[in-house]
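The next block holds one structure in the form of structure tokens; read it before the comments.
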Amino acid sequence: MGSLDVRAWITRFAELVEADAERLTRLDSAIGDGDHGANLNRGLRSAVAALSSDGEPPPPGKVLMTAGRALVSKTGGASGPLYGTALRRAGKALGDATSVDADEIAAALRAALDAVRELGHAEEGDKTMVDALLPAVTAYEGAAGEGLVAAARAALAAAEKGAEATVPLRARKGRASYLGARSEGHLDPGAASTVLLFQALADAAG
Amino acid sequence: MANVGIVLISHSRTLAEGAAELAREMGVGEVTVEPAGGTPDGGLGTSVELLESAVNAADSGGGVVVIADLGSSVLTTKLYLEDREGAGEVVLADAPFVEGAVAAASAAAAGAPVPDVVAAATDAYTFRKT
């Protein structure tokens with residue numbers, strides 16, 4: 001019980017995004033510039049390739065840093081830098097540890113959230129990925145004492161709720177913010193892909 | 001001491017090249033202005049690789065000021081600066097794209113150091129058109 005296979009997490013995230021790329025693009029076409037699905041899919045494919053599954057997996061922290069780096073250079077759009085910095089900062093928080101428990105993952109997720117907010121300056125309510133990421137991280141931290149699986153499930157539920165809550169919001173960041181009131185009534189694509197990140201975490205946690 | 005170099009990062013190759021052409025003109029031949037527009041395959045988007053090449057090409061020892069168009073250009077530049085190892089001052093200016101490029105190149109041509117070039121670019125936000 002207790003150690004997360006981080007490579008499995010990232011690989012699963014990539015699978016979920018690939019399967020859902022069309023929906024993410026559709027969401028992004030409604031209020032964005034229509035490339036979120038394709039961009040994130042491309043970036044994650046590159047991340048998975050960089051983490052090629054031959055041989056001993058590197059320490060979890062290094063896995064996340066490698067994945068983050070690939071996302072920054074290969075994704076394009078805003079999601080490359082944002083997801084990239086999130087994973088890199090999470091990886092840095094994990095250091096050299098060869099196995100990571102629920103509490104260490106909590107610290108890594110908090111670091112990821114801080115990185116996203118520092119880079120993009122989005123706050124909760126701006127109709128961005130932060131609207132799913134912040135509640136997910138808070139829920140994870142709250143449930144970390146119950147172990148990895150419980151915490152990951154709590155995080156996923158909170159991410160889903162947070163993403164759904166973006167529907168009525170008016171966008172205050174990104175291209176969607178140019179639409180003003182016309183951005184209301186649509187699910188934010190960045191929040192939708194953040195749900196997939198936490199779905200992948202829950203799947204990897206077991 | 002060499003003049004400050006300017007880098008223009010944009011989602012569009014042609015926009016970056018066009019703005020660079022204009023900025024070079026304003027720099028009266030005294031300023032290196034390097035465009036970093038679009039993705040390496042020629043499409044729309046931003047590229048940290050093109051940014052890095054442009055910064056290296058623009059730096060003649062007097063530092064580099066980066067002007068970004070919007071959105072992911074800004075994010076990409078911020079991350080690049082966070083990661084950057086290497087000598088020399090490279091700074092992202094908070095400035096409008098075209099006006100900032102022109103202001104920065106003009107200041108750089110007059111021998112302004114990095115902080116003054118950045119200030120000139122930022123000031124360009126205040127120029128009203130009506």
Side-chain angles (χ1 to χ4, degrees), chain A residues 25 28 31-43 46 65-92 111-112 114-122 126 128-130 171-179 189-190, chain B residues 7-17 34-57 66-86 90-98 100 118 122 125 129:
Chain A
T25 290
D28 200 37
I31 58 177
D33 55 1
D35 61 1
H36 188 53
N39 280 353
L40 197 52
N41 192 17
R42 179 190 321 118
S46 167
M65 291 190 70
T66 300
R69 219 173 304 125
L71 287 178
V72 171
S73 61
K74 298 292 178 214
T75 307
S79 53
L82 290 166
Y83 275 112
T85 197
L87 294 187
R88 276 179 7 182
R89 221 47 107 70
K92 202 165 165 209
D114 289 346
V116 168
R117 285 195 295 185
E118 272 168 40
L119 183 64
H121 300 305
D126 283 347
T128 70
M129 67 187 291
V130 171
R172 291 200 287 254
K173 284 278 179 291
R175 181 191 178 275
S177 67
Y178 298 138
L179 276 60
Chain B
V7 167
L8 307 183
I9 177 172
S10 165
H11 285 70
S12 158
R13 181 181 56 82
T14 50
L15 177 56
E17 287 173 358
E34 291 292 328
T39 56
D41 64 1
L44 294 173
T46 49
S47 160
V48 67
E49 287 134 348
L50 292 181
L51 175 62
E52 183 170 43
S53 307
V55 168
N56 291 337
V66 180
I67 314 280
D69 61 359
L70 77 173
S72 61
S73 299
V74 177
L75 301 181
T76 297
T77 304
K78 282 183 177 178
L79 277 192
Y80 164 74
L81 293 177
E82 211 178 275
D83 289 344
R84 191 177 169 266
E85 289 155 27
V90 181
V91 176
L92 169 65
D94 179 8
F97 190 63
V98 173
V118 169
T122 303
Y125 274 132
K129 295 178 186 177

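Note on naming: letters A, B, ... go to the chains in the order of the sequence lines (proteins, then strands), and numbering restarts at 1 for each one.
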Evaluation steps, side-chain contact (heavy atoms from CB on, under 4.5 Å), between B:Glu82 and A:Arg88: CA-CA 12 Å; B:Glu82 211 178 275; A:Arg88 276 179 7 182; 3.8 Å; yes
Non-hydrogen atoms of A:Pro81 and B:Thr76 that approach each other most closely: CG-OG1, 3.7 Å
message: Rounded at 0.5 Å granularity, tell me how far CG in B:Leu79 sits from OG1 in A:Thr85.
response: 5.0 Å
- prompt: Where is the tightest heavy-atom contact between A:Gly77 and B:Ser72, given as atom of each residue plus distance?
  reply: O-CB, 3.2 Å
task: Against chain B, label A:Arg175 side chain, backbone, both or neither, depending on which of its atoms sit under 4.5 Å from a heavy atom there.
output: neither
- request: To the nearest 0.5 Å, tell me how far A:His121 NE2 sits from B:Lys78 NZ.
  value: 3.5 Å
message: Is A:Lys74 close to chain B through its backbone or its side chain, or both, or neither, when contacts mean heavy atoms under 4.5 Å?
response: side chain
B:Arg13, CZ atom: more than 12 neighbouring heavy atoms under 6.0 Å: no
- prompt: In terms of heavy-atom proximity below 4.5 Å to chain A, should B:Leu44 be classed as side chain, backbone, both, or neither?
  reply: neither
task: Could you tell me whether the side chain of A:Asp33 reaches within less than 4.5 Å of the side chain of B:His11, counting heavy atoms only?
output: no
